[in-house]
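First the structure, in the form of structure tokens, and then the observations on it.
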Amino acid sequence: MANYYDKLFELCGFEYEEIEMERPRIEASFKRLEISPEDMERADSWVRQNHDISLEGVRKLLGAWLKELIDLVLARDEGKKIVYYGFPAILGPGLMLSASSEDIFVSAPDMVLDHTMGQIFNKLNPILEAGEINGLPPGHALCSLWQAKVGGIAKGMIPVPDFALASSYYCDMGSKADDLVTALYGVPMAYIDGIMDSQWGEYPEYLPERVHYLGTQINQALEKAEKVLKIKIAPGAWEKSRKSSQPFRDKLVRLVEVMKADPVPLSIVDLELLEALSGSSTGRGIQEGIKAMDILIHELERRVEAGEGVTEKGAPRVMIRLGHTSDPRVTRLIEETGLAVPLTFILGSWGGVKVNPKGDYNTPGEIIADYELAGGYYYGTEGQIKFYERAAELMKLDGFIAQYLYNCRPVATISHIQKKYLQEKTGLPVLSLEIDNFDSRAYSADSLRTKVETFAEMLKSNKR
Amino acid sequence: MLTAGIDVGAATAKAVIFQDGKIIGYAIQPVGHDIKLVAHETSKEALHRAGLSISIEDLDYIVSTGYARNSIEFANKTMSEIICHAKGAHFTIPSTRFIIDMGGQDSKAIEVDQDGNIINFAMNDKCAAGTGRFLEVMAHILQVESMDEMGPLALKSNEPCPISSTCTVFAETELVVLRAGGKNRNDLIAGVHKAVASRVAAMTANLNCNPDAVFTGGVARNTGVKKYLEEEFEREFLVPDEPQIIGALGAALIAQTQLLK
């Protein structure tokens, strides 16, 4: 029997049979998420306004996020042992834990809430506010991702985890927020410390000591996970998890190839759905993402053949760092100014721009560390900036929009050197754009429009 | 060929009527609650000053700019105020290579080439420090009638009080404490101006401040800010005769270019 949410789920790529099968779970999770019939009209128009629902692949991606949300909300009820990790993630440990037992549910809950309660239901702010009154107050330059995680737990929307992997390899605020979760709810956690700093001029080389250090941290975290969760990680868990997620990476490479077309065939807002899924899911999202990508790549190849795209042919092409995780309007405004966005930093790091790992290591932690350091993201400033430089050639870029969050040290502190270096090395203009990619309460799309419009005019003028 | 540029910003609306390479009329009005009405009224006044008894819709082309640019229904095209200020400043002072524009709620630094095309730019983010609004708040605390009147008082100071807070609200508190401590009012005013100039200079770290440097926007009428900007950048800033209409002038120039395409 049809229900009030059926239309929204159909809009998000669910088949009727899938809705029927998921119905009890949808209703149980919606009750906890405080989603009611009154929310459907807003969600429907929000999705239609911000996503290219003419593409089945995009609708399926939205559906994949909804499935991740339902799985997350009901993980405790369904007897799972729950592990949370922070974003940006070193996915390896999470993938290994997922591969070790079907009873383990691993998630980056903040990203799941952002992409669903934000991007689909436009109802994230009450969760952020709950985070603010539960230990992460407003006005303290605290990351909204952590507010979403703490707020979601505080409101009882998402379960208290059994174990947390603290992302202190990248961001010290993440581990402090996890400290808070431990203090409030007694959650055991493992810190994965890494070394971001490196000598300028060293990339793509990296010292084996760095791999060893990060690798040891990962190995220790996995050992602790085994004890806390009372599981045994199978010897082949890394290979198994790599194998099951390999099609996702392969398809991402194909997608990056498709995005080289002019005009660009897909909005960056929709590309971001995929990109974030790659960094936030170790479970159903990966497999659902693979299915969605199969459809999407086919649809986009047809668009390319027909010479169709989301911006005009010949539009200036820019790479951005990361789209807005919860408010698609903010990302969309870039395309509204006539700029084409074929790539984001994070998608590129998954899909073909990276250097190969050294491959000289044997323990799971070191293999993962080797892989992550080669990727550039966890290497340090130079690795990240060189990545942009390589992407300029790969995607035939005309400029960069390097967004940074004022309260994000890994990103904000490199914004100046990034702009200077890229302008000098590539000769392309760089717009350093202060923005909060996780929370639109402090910045509206309109306040950013003037800067982006001006930058777009600059690039158009350069192309004439 | 009769064109107009309408610049509706946070504090004021400006309209420039342009014909055959010359400004033939302009007007400035405070922005009230009705954006569309003020845009219409300001344009009407500019037309009247130009000696034209026609309506705004009769003009050949209109470009709107400023925060409310998308709300101006009678405009043929919209353009960001950064581009308009670059065009307007370059037209007024053709040797312009660097522009500081300070308005009610934002400040911009713009680097341009010999044709007035933008090479690089920076704009304040969500913070009001370094804007006209910062000065207005401080003028209120120090009981000076207007922002413009503060400039000459700042110039009388020999020892500006350091205002270290970068947040408008915290700077307000800091000023109250300094005032309670018996600091000279002109030194406080000078400190406020120095703080504004310092914030703007910090924003331009990635830009080249090449001569000729030009100061535009409503705050450019303030001689105190000009002085401290020149100290910060160690160079002279030229101020157009009517710095507040430079954005609207740029919009009118772009309108003319559109017609010539």
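So you know, we letter chains A, B, ... as the sequences are listed, proteins then strands, and number each from 1.
- With a 4.5 angstrom heavy-atom cutoff, B/Ile119 touches chain A only via backbone atoms.
- Between A/Tyr388 and A/Phe345, the ring planes lie parallel to each other; the angle is under 30°, not in the 30° to 60° tilted range.
- When heavy atoms are compared at a cutoff of 4.5 Å, A/Ile435 does not approach chain B at all.
- Summarising the geometry of A/Met173 relative to A/Cys143, their closest heavy-atom pair is SD-N, 3.0 Å, with the distance given to 0.1 Å.
- Between A/Trp146 and A/Phe438, the ring center distance fails the sub-6.0 Å criterion.
- Ion pairing between B/Arg97 and B/Glu111 fails under the 4.0 Å rule for side-chain N and carboxylate O.
- With a threshold of 4.5 angstrom between heavy atoms, B/Ala205 approaches chain A through its backbone and through its side chain.
- Residue B/Asp106: no heavy atom, backbone or side chain, is found under 4.5 Å from chain A.
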